[in-house]
Amino acid sequence: MNEALAFAFERVIPGLNAGLWASIGIIVPAALLGVAIGVTAGTLRVYGGVWPRRITNCYVSLFRGTPLVVQLYFWYFALPYVSVGGVNLILSPVQAAIIGFALCSGAYQSEYIRGGLLSIKRGQLLAAQALGITPLHCILSVVLPQAFRRALPGCGNEIIYLIKYSSLASIITVNELTGVGRGIAKATFQNTEVYVIVGLYYLALVTLAGWLLRLIENRLSIPGFEVKNS
Amino acid sequence: MQNESVVLRVEDVVKHLGGQRILDGVSLTVKKGRLKVLIGPSGAGKSTLLQCINFLLPPDEGKVFLDGREINGKSKKELLWLRQRVGMIFQDFNLFDHLTAMENVRVALIKVKKMDKRAATHRAMEELARVGLADKAGLYPAQLSGGQKQRVSVARALAMDPAVMLLDEPTSALDPELIGEVLAVIRDLADAGMTMIMATHQIGFSSSLADEFLFMEKGRIIERGAPSDLLARGSCSRTMAFCAKLSELSGEMGG
Ligand SMILES: Nc1ncnc2c1ncn2[C@@H]1O[C@H](COP(=O)(O)OP(=O)(O)O)[C@@H](O)[C@H]1O
Ligand SMILES: [Mg+2]
């Protein structure tokens, strides 16, 4: 047992810490980008014209309807062979992971945002219009603040999922938490110890994110918009 | 006769919705400081008419004049001007649920009138005080009673300095015991010389304030006149018959 502990502290932890930072370096930008995409796509799906609506609906169907692993393989392995106007875009593993996660996450986020937008009573939009508030200001000052509060629990859950599926970045050679863990396990044959510790790292990340989200929910909580804690 | 100037004129307005002719040529003229009351059965087109006036529903035909200026509804600038000059009160209050009472009143001052935050807050507090809700400024709609919500919505409209207010059944969504506080605010407005058009079933209340009743049915104004004439003893007006039916249903005495 002592041996295992010593092994953990000398070999596993320092390696995993580096992997942890790599994971965070993917999760945070992918989550932010995913929310931004989700808000944009969700808004277009509700208030866009016919074509913006069709295009965003297609986007959501595509990214919800295909496995994330396939999407990642596409961004990393296939995209370099796709030539757009004679230009081939080659993404680094980290870039491919961030873009892949953000686009996939954004598709799900847009569902929650859409639900939040649809929950807003039409009368409020009418009142805003009657006051001379422009459609843009109405979306920014009336619609989004309410939709965001309604969508927050769902969006938060999606970010929790993102933390967990960020481990898939290892399959496109990113040396994040899972990738580093696999490397150590292969080199040392200490599979049990390594993967238990990797699991604990994710658990810590998810717990931290959950705690942060609850903090935000409480911060934004106003009477009439209470988050139902399930 | 300066205070007799015409604020709002509506000429032969026609509106189709869902393939049906909802407004079938409606005309009316409102002079400064007067209250016109729209009555008539549900589905007559009262809400549609009010929403045509501030172009929430652009009329298909006919003309709307505000302060002598014809509104064609084409330019955004003109619509912005129109909507700042016309305050609207809805049956369901339509407060912004995520804003406090004060912020509800303030938001359009900042976003539309481009007032700075301090001045807008100050103005919002004044308007809340005017409807007797200064002490509720920090509460959210979910924490207010229906009557209080409607008073906030009146304050919100007043803050924009409207030339005319359109009130669409302002008390119809309220519990009976809350109607009085909203009617009191409307009476204050009338006394202060606010020009208004109100759709309502509160016949008794409005007959003492209105200069004209307009009885609507199937998208037309089929009867109009001074409340005292339409509701005179022995009158066989449609208005009288309708009011009799209303008071039978609700116990509210008309006239
Ligand atoms: N968006 C719409 N599409 C189709 N019909 C509508 C629409 N809005 C209102 N109507 C119809 O117009 C008629 C008049 O409605 P409304 O103006 O709300 O009447 P009132 O306010 O007098 O009760 C009703 O028969 C209603 O069903
Ligand atoms: Mg109505």
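Chain naming here is simple, since letters A, B, ... match the order of the sequence lines and numbering starts at 1 in each.
Within a 6.0 Å radius of NZ in B:Lys114, other residues, nucleotides and ligands contribute more than 12 heavy atoms. Atom CZ of A:Phe74 has more than 12 heavy atoms from other residues, nucleotides or ligands within 6.0 Å.
Atom OG1 of residue A:Thr134 and atom CZ of residue B:Arg83 lie 11.0 Å apart, to the nearest 0.5 angstrom. To the nearest 0.5 Å, the span separating CE on B:Met88 from CD on A:Gln129 amounts to 10.5 Å. We find the CG-NZ distance between A:Leu136 and B:Lys111 to be 9.5 Å, quoted to the nearest 0.5 Å. Note that CG of B:Asn104 is 8.5 Å distant from CD of A:Gln124, once rounded to the nearest 0.5 Å. How far CG of A:Leu126 is from CG of B:Leu56: 5.0 Å, rounded to the nearest 0.5 Å. B:Phe93 CZ to A:Lys121 NZ: the interatomic distance, rounded to the nearest 0.5 Å, is 10.5 Å.
Of all heavy-atom pairs between B:Ala108 and A:Leu131, the closest is CB-CB, 4.0 Å. Taking all atoms of both residues into account, the shortest heavy-atom contact from B:Tyr140 to A:Pro223 is CD1-CD, 3.3 Å. The shortest heavy-atom contact between B:Asp97 and A:Gln146 is N-NE2, 3.7 Å.
Put simply, of A:Ala128, A:Ala130, A:Pro145, the one with the most heavy-atom pairs under 4.5 Å next to chain B is A:Ala130.
Of the two parts of B:Gln51, only the side chain, counted from C-beta on, holds a non-hydrogen atom closer than 4.5 Å to a non-hydrogen atom of chain A. If you measure heavy-atom distances from B:Phe90 to chain A, the contacts under 4.5 Å come from the side chain alone. For B:Leu95, the part lying under 4.5 angstrom from a heavy atom of chain A is the backbone only.
Checking side-chain atoms of B:His98 against main-chain N and O of A:Phe225 turns up no donor-acceptor pair under 3.5 Å.
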